[in-house]
Amino acid sequence: MFTFKATGRNVVQSPKHSALCVTMADVEAESSTQPEAMEEENPLFSNLDLFLFTLIAGLIIYWFMSRKKAEPIPEFKKLDQPAPSTQETSFIEKMKKTGRNIVVFYGSQTGTGEEFANRLSKDAQRYGMKGMAADPEEYDMSELSRLAEIGNSLAIFCMATYGEGDPTDNAQDFYDWLQETDGQLDGVNYTVFALGNKTYEHYNAMGAYVDKRLEELGAKRVFDLGMGDDDGNLEEDFVTWREQFWPAMCEHFGVEASGEDSSVRQYELKEHNDINMNKVYTGELGRLKSFETQKPPFDAKNPFLAPVTVNRKLNKAGDRHLMHLEVDITGSKIRYESGDHVAVYPTNDTVIVNRLGQILGVDLDSVISLNNLDEESNKKHPFPCPTTYRTALTHYLDIIHPPRTNVLYELAQYATDLKDQENMRKMASSAPEGKALYQSFVLEDNRNILAILEDLPSLRPPIDHLCELMPRLQARYYSIASSSKVHPNSIHICAVLVEYTTKTGRLTKGVATTWLKNKLVADNAHKSTVPMYIRKSQFRLPFKASNPVIMVGPGTGIAPFMGFIQERGWLKEQGKEVGETVLYCGCRHKEEDYLYQEELEEAEKTGVITKLNVAFSRDQEQKVYVQHLLRTNKVDLWRQIHTDNAHIYICGDARNMARDVQTAFYEIAEELGGMTRTQATDYIKKLMTKGRYSQDVWS
């Protein structure tokens, strides 16, 4: 049995100020009844009167003057942080001060946009220019109109699209400014490279919007919009665009490439041989010792260490591992809603970390700092420093994904075999042969940096340069599988272990899911914890509980719907009118991986779920998926959507499932709504615009 407790908003109360009331007696001078002639002989006030009056007035003045004055609120400066400076908000002044003429802004959710921006910024010096990468969240973007003050200047935008065509978190303010401003950007040169994924409905929407809007405001597009597709080969798209972009810029600005293709270090190594270990980062993302002394509010830079209270296997049989975890957020002041995402920060496999140290012949416990050679840069280190190589490789760096071409290019100089050098540089080019080699050797064979070092024995780079080049290890996002109405102090996660063998015979394990699987529940003081924070979502139940909901979530796509079902059940218990709650989910075999079978069947039995539709794809000769069940129930579905204002929710695979489900809805609208395919497509798009067709999908 659950005990339901309504939680309200936090109320911040201002300190009460006591008011001091001062009461003073009125002093009345008695009017004299003496004749005027007598007044000259008898003054109005005697010496005693004057003395007493002066004394009283002096006491009153003294009392007013001696009252405690309201003290101005002092401006405290944190001892561990420098006072803010104007350079943090004025990128124009910073560019002028440091002699830069190219600024590369990035909108990045997973770090790729930032990585591309850094690469373009470093490229600039090969062409007699000087660039800087910049986070739009850190600067006053209304200063963009002043860019024309700098000769031969250029603004490059590497903009990723997030969610349903939305800007990334760090580009939200810039997006809002673009929408609201009517300022003129005459004389501003710009170009845009967009990062997206074709499997999503709003492919590269943010990049396309920035490109169009800047032109509308009077800026000059000096090179065509680049479109990067992560469903294909994002790295190849970027390299191809980049290699066409720079020659065009040379022609536009009348400059020539220096021909210097040598590696340019961005950070210098400092080894700490005698340092207080209390000043060394051990995995914290922001404040030093933040994992030892936890302080709210908790966010991406300050995650909460949530103890794991439940970690159970969901599937009864089969060769996969599907898991359900619960983490405790008691006392954290963290609030979430059904449909939100929980972000977790995983760590890399210690076996891989140790092997990297062994193959490079380094002491992983050496304490080091990588300091930016550009003293004016806001980014002083590539990851929190000082720290050890072991901590950097375990907590901060992505050593599992196949490295991008720029990493291979930079590391090529350390290969003693000239053939290895040639191949590594070739893979970083846009030549067809180089692209094919990178595709086969790195991507198709799924070689991470360790596999490349193992397969190229002549390549033994210095570990500090390797650490400089590796991208940051990113948080992983999971749809929350619980409702805060039912579980206010707990967050539930549903995940499937990623594990497969590559073409080279290596066993590759998913970083986050392997890490989660090993988060065992402990009864002793050393509890397993998960660094986490909440990312808000637009994936929300309808405001009116009486609206029907249609949920489609095969596999682990069922996660947010467990929260929705719990919340609809809670609303019913509160006596609210709750509309139809229809679920379409799926698995391979009923007796193997029917996720949350007991909970779902109980919810249907008690009427919380109006109708439970489960597709067991491999329990019969011909595969059955959720889209087939949608077509089977088309009459009920059309009534719920067209007549009863149902809200539709899709969660799961974007590449195939979400697309096939959307096609099924098109076909139902065509057949039962008497529409053409174009009309049916417009009909579903209008549902999306109204917030009645929502997707939480991934590829």
Side-chain angles (χ1 to χ4, degrees), residues 10 76-82 270-311 325-336 342-350 353-354 357 363-371 379-399 467 472-478 489-491 493 511-512 514-535:
N10 291 333
F76 294 106
K77 292 181 181 178
K78 293 184 180 179
L79 296 177
D80 58 344
Q81 290 183 357
K270 178 176 175 58
E271 296 177 326
H272 303 280
N273 298 318
D274 185 16
I275 188 172
N276 183 346
M277 294 305 288
N278 286 325
K279 296 182 179 180
V280 177
Y281 282 87
T282 58
E284 305 95 328
L285 294 156
R287 179 174 56 87
L288 188 65
K289 302 298 177 187
S290 60
F291 287 168
E292 293 180 16
T293 310
Q294 294 258 275
K295 296 177 184 177
F298 297 105
D299 53 27
K301 293 294 183 186
N302 182 38
F304 176 65
L305 289 182
V308 177
T309 56
V310 174
N311 187 347
L325 289 92
E326 298 178 15
V327 297
D328 186 2
I329 57 171
T330 303
S332 67
K333 298 184 180 178
I334 289 174
R335 300 287 179 265
Y336 73 95
V342 57
V344 302
Y345 284 100
T347 57
N348 288 310
D349 190 337
T350 55
V353 171
N354 290 334
D363 177 6
L364 292 176
D365 296 313
S366 300
V367 181
I368 57 102
S369 289
L370 288 179
N371 301 322
K379 188 175 182 180
K380 302 302 181 187
H381 315 282
F383 43 78
C385 291
T387 190
T388 65
Y389 287 124
R390 186 182 304 282
T391 298
L393 294 171
T394 302
H395 293 270
Y396 299 140
L397 299 174
D398 183 350
I399 57 175
C467 288
R472 284 291 296 268
L473 183 60
Q474 299 293 324
R476 303 305 202 263
Y477 300 98
Y478 294 93
N489 294 316
S490 178
I491 288 174
I493 299 171
V511 175
T514 301
W515 172 77
L516 284 173
K517 179 176 179 282
N518 294 327
K519 288 289 177 182
L520 303 178
V521 180
D523 294 327
N524 56 33
H526 301 288
K527 290 187 176 180
S528 293
T529 57
V530 171
M532 54 74 64
Y533 69 95
I534 299 299
R535 184 174 73 178

Measuring from atom [atom1] of [X] to atom [atom2] of [Y], what distance do you get when rounded to the nearest 0.5 angstrom?
| X | Y | atom1 | atom2 | value |
| --- | --- | --- | --- | --- |
| Tyr345 | Gln474 | OH | CD | 7.5 Å |
| Thr529 | Lys519 | OG1 | NZ | 5.0 Å |
| Asn348 | Asn354 | CG | CG | 11.5 Å |
| Ile534 | Arg335 | CD1 | CZ | 11.0 Å |
| Phe291 | Asn302 | CZ | CG | 8.5 Å |
| Leu397 | Tyr389 | CG | OH | 11.5 Å |

[X] to [Y] - nearest heavy-atom pair and separation:
| X | Y | answer |
| --- | --- | --- |
| Lys527 | Ala522 | CG-O, 3.8 Å |
| Asn311 | Leu520 | ND2-N, 4.5 Å |
| Ser490 | Tyr336 | O-OH, 2.8 Å |
| Thr330 | Asn489 | OG1-CB, 3.4 Å |
| Val353 | Leu393 | CG2-O, 3.7 Å |
| Thr388 | Leu364 | CB-O, 3.6 Å |

Between Ser369 and the options Lys270, Lys380, His272, the side chain to side chain donor-acceptor pair (under 3.5 Å) test singles out His272
Just so I know, are the side chains of [X] and [Y] near enough to count as touching, which here means a heavy-atom distance under 4.5 Å?
| X | Y | answer |
| --- | --- | --- |
| Tyr281 | Thr391 | no |
| His381 | Leu370 | no |
| Ile334 | Tyr533 | no |
| Glu326 | Ile491 | no |

Lys517, NZ: over 12 other non-hydrogen atoms inside 6.0 angstrom:
no
Between [X] (side chain) and [Y] (backbone), is there a donor-acceptor pair under 3.5 Å?
| X | Y | answer |
| --- | --- | --- |
| Glu284 | Lys289 | yes |
| Tyr396 | Leu285 | no |
| Arg287 | Thr293 | yes |
| Ser332 | Ile329 | yes |
| Glu271 | Ser366 | no |

